Protein chains: 2
Amino acid sequence: MGNKGTALEVIPGAVVRRLPRYLTQTQYLRQQGVEWVSSASLAEALGLTSSTVRQDLSYIDFKGVAKRGYGTGGLEKVLARTLGVDRDVRCVLVGAGNLGRALALHEEFVRQGFKIMGVFDNHPSVVGKKIGRFVIKGMNEMADFVREQQVGIGIVSVPHAAAQAVADQLVAAGARGLLNLTTAHVHAPDTVSVVDARILASLRELAYAVKDI
Amino acid sequence: MGNKGTALEVIPGAVVRRLPRYLTQTQYLRQQGVEWVSSASLAEALGLTSSTVRQDLSYIDFKGVAKRGYGTGGLEKVLARTLGVDRDVRCVLVGAGNLGRALALHEEFVRQGFKIMGVFDNHPSVVGKKIGRFVIKGMNEMADFVREQQVGIGIVSVPHAAAQAVADQLVAAGARGLLNLTTAHVHAPDTVSVVDARILASLRELAYAVKDI
DNA sequence: TAGATTGTTAATCGATTAACAATC
DNA sequence: TAGATTGTTAATCGATTAACAATC
């Protein structure tokens, strides 16, 4: 209770959505051996203004140094801690279609600390089959699994029509965040965050940019 | 030149990002046989306010009817036309890793008019192999292919370090929109739109929501 | 007709940018 | 020291919401 002087408070949504990008860039720079980064160079790399970068970083518990910028090692660590990715984040994947398969097999997510604990699907013909190292389990096992393994995030990769029902089951089982890969809008209580991957929507947004040109 | 009375002008970015969602929902309702939808019910379905919905739809060339709402058939048609998805949109996919494979195999995108014309990869060991009906081509063939097939959208699904170079090649070949599936930020001229899929970033955003709970 | 729902203007809210004193 | 860069406040900008006359 209480915090040690540095008031962290709530971080605005717009800022939270940029923090992962600062983390990716800072990680990259640190791996390249770069020790200091200025707000101007972060801004340049990410297509922002230096003012936005400084404003954003003022929300996390890390101070830059005048004339030098931000130490990449420290910044990376604090960004990871702030986001909660300094330790494994437990996920389940629901829906073993093409997109689901791809995510389960994508090593990058594991490397970044997102641990897929189990893969579930409704379809009797795929239950028991394998995706990489995962044996696909039936939906009837999901709720207990999420509870027992203390899974935080559910990745919803099912057909549009099934999305809300799956989301409801995940929430009931205790998931606190949902990554929605479907085209459906998913309703959840205020205590549960939903982030939409919006892949089809992104393509449609691009179609608008591209059309009649 | 000029338009027939209804000034459409530029549609704000925030609105363009919601139009695909209205389209998805309207499509769904129309398929269910629903003929009219109100701003309040669209808002309820998508987690918005009815005010936002009416404001947004005022940007497209379609009028609702007092006391009845919006005709789903007409609304669907005009939304599709406004976004430029009333005809095939030609894409290429660069990078035949797990994520790229999944997109190439995902029938939903084809059904929605996004036509993958070709799949390209740098890696000699995969060139010539097949993904579904696609034979993977080498990167050396990409620029000519994009020009000849008049491809509008490039889907970038390569490792972080290769993202900018691939984007540059796509832009040089004439692509007008890029769907960026990598964690890298990609720079492009103002004439080219870039939309980031942000899958890892979304997971990290969820990690923040989920942490210490 | 009465009432429901649109379209639009004005008010509010939040996010971004500019500016600059503090500081290393 | 002089100059570069942060942290922060204030100003601007854009997006969302409220309100209500028009209308079917």
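Here the structure is a predicted model, which is why all the values come from computation and not from measurement. The sequence lines fix the lettering, A, B, ..., with proteins before strands; numbering per chain opens at 1. Computed over heavy atoms, backbone and side chain alike; hydrogens, waters and symmetry mates excluded.
B/Arg17 comes within 4.0 angstrom of nothing in the nucleic acid, heavy atoms only. Here A/Ser38 lies in heavy-atom contact (under 4.0 Å) with sugar-phosphate atoms only. Using a 4.0 Å heavy-atom distance criterion, B/Thr49 is classed as a sugar-phosphate-only contact. Across all strands shown, B/Ser50 has no heavy atoms under 4.0 Å from either base or sugar-phosphate atoms.
C/dT8 is paired with D/dA19 under the Watson-Crick or G-U wobble criterion, all donor-acceptor distances under 3.5 Å. Searching all strands for a Watson-Crick or G-U wobble partner of C/dG14 with both distances below 3.5 Å returns D/dC13.
Atom P of nucleotide C/dG14 and atom CD1 of A/Ile11 are separated by 17 Å, given to the nearest angstrom. The CG atom of B/Leu75 sits 16 Å away from the P atom of C/dT5 (whole-angstrom rounding). A straight line from CD of B/Glu35 to P of C/dT5 spans 17 Å, rounded to a whole angstrom. Taking atom CG of B/Leu57 as the reference point, atom P of C/dT6 lies 9 Å away to the nearest angstrom. The interatomic distance linking A/Ile60 (CD1) with D/dT8 (C1') rounds to 16 Å, in whole Å. When rounded to the nearest whole Å, the span between CD of A/Glu44 and P of D/dT5 equals 14 Å. A straight line from CG of B/Leu19 to C1' of D/dA15 spans 15 Å, rounded to a whole angstrom. For B/Tyr59 and C/dT8, the OH to P distance is 11 Å, given to the nearest whole Å.
The shortest non-hydrogen separation linking B/Gly95 to B/Val158 is CA-CG1, 3.8 Å.
Comparing C/dC24, C/dG7, C/dT16 by their closest approach to the side chain of B/Arg54 singles out C/dG7. The listed nucleotides are C/dT6, C/dT16, D/dT16; the one nearest the side chain of B/Ala66 is C/dT6. With distances taken from any side-chain atom of A/Val65 to the nucleotides C/dC24, C/dA15, D/dC24, the minimum falls on C/dC24.
Remark: B/Gln150 CD is loosely packed, at most 12 non-hydrogen atoms of other residues, nucleotides or ligands lying under 6.0 Å away.
At C/dG7, one or more side-chain N or O atoms of B/Tyr70 fall inside 4.0 Å of OP1 or OP2 (strictly under the cut-off). At the phosphate of C/dT5, neither OP1 nor OP2 sits under 4.0 Å from any side-chain N or O atom of B/Ser39.
Residues A/Arg30 and A/Thr26 have side chains that never bring a donor and an acceptor to within less than 3.5 angstrom of each other. A donor atom on one side chain and an acceptor atom on the other are found under 3.5 Å apart for B/Thr24 and A/Arg204. No hydrogens or angles considered: a donor-acceptor pair under 3.5 Å links the side chains of A/His160 and A/Thr183.
Applying the 3.5 Å distance criterion, the base of C/dT17 shares a donor-acceptor pair with the side chain of A/Gln55.
Nearest-nucleotide positions on DNA chain D for A/Ser51 and A/Lys67 put A/Lys67 closer to the 5' end. Residue order along DNA chain C, read from the 5' end via each residue's closest nucleotide, puts A/Leu48 first among A/Leu48 and A/Arg68.
Checked by atom type and distance alone, the side chain of A/Gln164 pairs as donor or acceptor with a backbone atom of A/His187 at under 3.5 Å.
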